[in-house]
Number of protein chains: 2
Amino acid sequence: MTRKGKDTNTESKILDAARQVFIEKGLAGARMQDIADRAEINKAMLHYYFKNKEMLFELIFRETAGKLFPHFEMLLDSDLGFFDKIRSIVSSYIETMVQNPYLPLFVMNEMNKNPEIGMKNFFEAQKPGFVKKFRASIEVSIQEGLIQPINPLHLIMNMFSMCAFPFIAKPMIKLLTGIEDEQFRNLMDQRKVLVAEFIINSIRK
Amino acid sequence: MTRKGKDTNTESKILDAARQVFIEKGLAGARMQDIADRAEINKAMLHYYFKNKEMLFELIFRETAGKLFPHFEMLLDSDLGFFDKIRSIVSSYIETMVQNPYLPLFVMNEMNKNPEIGMKNFFEAQKPGFVKKFRASIEVSIQEGLIQPINPLHLIMNMFSMCAFPFIAKPMIKLLTGIEDEQFRNLMDQRKVLVAEFIINSIRK
DNA sequence: GTCTATATTCAGATAGAC
DNA sequence: GTCTATCTGAATATAGAC
């Protein structure tokens with residue numbers, strides 16, 4: 001692990017480079033040469049540290065997929081009110097993607113294009129407990145008469161759709177609207193509150 | 001065009017095969033051999049009919065991108081009320097994707113991974129008039145006091161997000177919820193009305 | 001651990017017979 | 001128009017010196 005220092009350094013330089021290239025190009029589009037260049041080493045080193053392209057990819061994918069739903073369970077377990085839970089999840093989720101705009105498309109795309117690899121590693125990376133918790137929380141709120149009846153699955157889908165999709169569709173949005181990166185960024189900042197209120201507005205009684 | 005018959009037949013067999021393979025695997029992941037196999041011809045034929053892989057891809061991409069927003073302008077020009085316009089756009093959009101589940105991810109992904117190719121061909125395929133029309137229609141509805149004030153861009157993003165994202169996230173949704181294809185299909189059918197009402201509920205005064 | 005050189009495999013593209 | 005055989009280049013992976 002941290003035995004030498006030089007080793008670890010090279011290894012982490014490779015991982016950093018691989019993360020960049022895989023997330024930007026995907027498994028099929030990534031080139032080992034490209035990863036080597038960005039890590040400022042040569043191709044042989046890649047295979048010295050990691051058996052092959054696929055192994056390296058799985059590592060990056062698992063790590064990335066693990067970041068997709070950060071600390072949501074914690075938020076759901078907190079003693080915030082239901083609406084505030086929605087507000088905080090939406091806000092922190094969009095912020096995560098402002099920081100890593102490629103993240104949602106990368107994960108979705110690889111799970112579609114490489115089902116075996118994707119499924120296996122996503123499953124290992126993800127603690128899917130938060131979905132169950134979220135559903136329960138929604139059902140309770142319905143029982144309490146706080147919100148209108150709705151299939152929890154649809155509500156969850158609506159929420160993550162509105163958070164994630166704009167990042168996936170960014171190039172299309174820029175083309176259709178003529179906006180630039182900075183304006184896009186502003187829009188996404190606005191959505192941190194807008195999306196939550198849009199949802200709450202719709203379901204509150 | 002329709003000169004011979006055999007020619008046209010081979011050409012359209014290639015296009016059918018290419019559509020399948022490109023949409024499923026993407027430009028980087030697609031193999032000419034794979035396309036040839038599905039078209040039940042050999043690789044040489046591909047290059048006889050189409051100069052190279054990229055040309056063939058651009059053709060398919062342009063054609064596909066053109067299907068992304070079907071007859072929305074017509075709907076927006078109709079004399080339906082604003083809410084009914086939303087209802088019909090949502091419904092027909094989701095139906096389009098029930099028919100072609102790979103469509104949204106394919107277009108979004110290629111525009112991200114191959115910006116030059118994507119941008120150029122998307123632009124040619126798309127009449128972006130409907131966005132302007134939609135924005136205007138929303139602004140009028142706000143002026144009339146029919147709906148609450150909202151940045152039209154956000155409303156449009158919300159709408160298409162909720163329509164398209166579940167298809168992009170399908171493998172993840174199946175994994176996180178444990179549902180199967182048939183149930184997924186049912187959920188999407190439900191969303192044809194649910195999403196529209198969710199939106200209307202949120203913005204109506 | 002790191003490098004250069006090389007092997008190997010794969011995929012896009014072409015030549016040329018029919 | 002269609003096919004078989006082949007070329008070429010690219011990309012992954014390995015051998016072996018230092």
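Below, chains carry the letters A, B, ... as their sequence lines are ordered, and counting in each starts from 1. What you see below is based on every heavy atom in this structure, not just the backbone, and it leaves out hydrogens, waters and symmetry mates.
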### Test ring pair (Phe, Tyr, Trp, His ring centres under 6.0 Å) applied to A:Phe165 - qualifying residues, sequence neighbours left out
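In terms of ring pair (Phe, Tyr, Trp, His ring centres under 6.0 Å), with neighbours along the sequence ignored, A:Phe165 is linked to no residue.
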Distance check needed: [N] [atom2] versus [X] [atom1], whole Å only.
| X | N | atom1 | atom2 | value |
| --- | --- | --- | --- | --- |
| B:Ile41 | D:dG1 | CD1 | P | 12 Å |
| A:Glu11 | C:dT2 | CD | C1' | 15 Å |
| A:Met55 | D:dA13 | CE | C1' | 14 Å |
| A:Asp34 | D:dA13 | CG | C1' | 17 Å |

### Any A:Tyr93 side-chain heavy atom under 4.5 Å of A:Met97 side chain
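Side chain of A:Tyr93 against side chain of A:Met97, heavy atoms only: contact under 4.5 Å found.
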### Message
Are the side chains of B:Ser88 and B:Leu80 in contact, using a 4.5 Å heavy-atom criterion?
### Response
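B:Leu80 reaches B:Ser88 side chain to side chain.
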### Task
Would you please confirm or rule out a distance under 4.0 Å between OP1 or OP2 of C:dC3 and any side-chain N or O of A:Tyr48?
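No, because none of the side-chain N or O atoms of A:Tyr48 sits under 4.0 Å from OP1 or OP2 of C:dC3.
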### Task
For D:dG1, take OP1 and OP2 only and decide whether either is under 4.0 Å from a side-chain N or O of B:Thr10.
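It does not, given that no N or O in the side chain of B:Thr10 lies less than 4.0 Å from OP1 or OP2 of D:dG1.
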### Message
Measuring from the side chain of A:Met45 (C-beta onward, heavy atoms only), which nucleotide among C:dG1, D:dC3, D:dG1 has the closest atom?
### Response
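Side chain of A:Met45 sits closest to C:dG1.
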### Query
Which pairs pass salt bridge (Lys or Arg N to Asp or Glu O under 4.0 Å) with one or both residues in residues 94-105 of chain B, sequence neighbours excluded?
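Only B:Glu95-B:Lys192 qualify under salt bridge (Lys or Arg N to Asp or Glu O under 4.0 Å).
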### Query
Quick one: are the ring centres of B:Phe134 and B:Phe72 less than 6.0 Å apart?
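That pair fails the under 6.0 Å test.
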### Task
Sugar-phosphate means primed atoms, P, OP1 and OP2; the rest is base. With that split, encode nucleotides 4-16 of chain C 5' to 3' as B, S or - using protein heavy atoms under 4.0 Å.
B------SBBBB-
### Query
Would you call B:Glu63 and B:Arg19 a salt bridge, taking side-chain N to carboxylate O under 4.0 Å as the test?
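Salt bridge flag = yes for B:Arg19 with B:Glu63.
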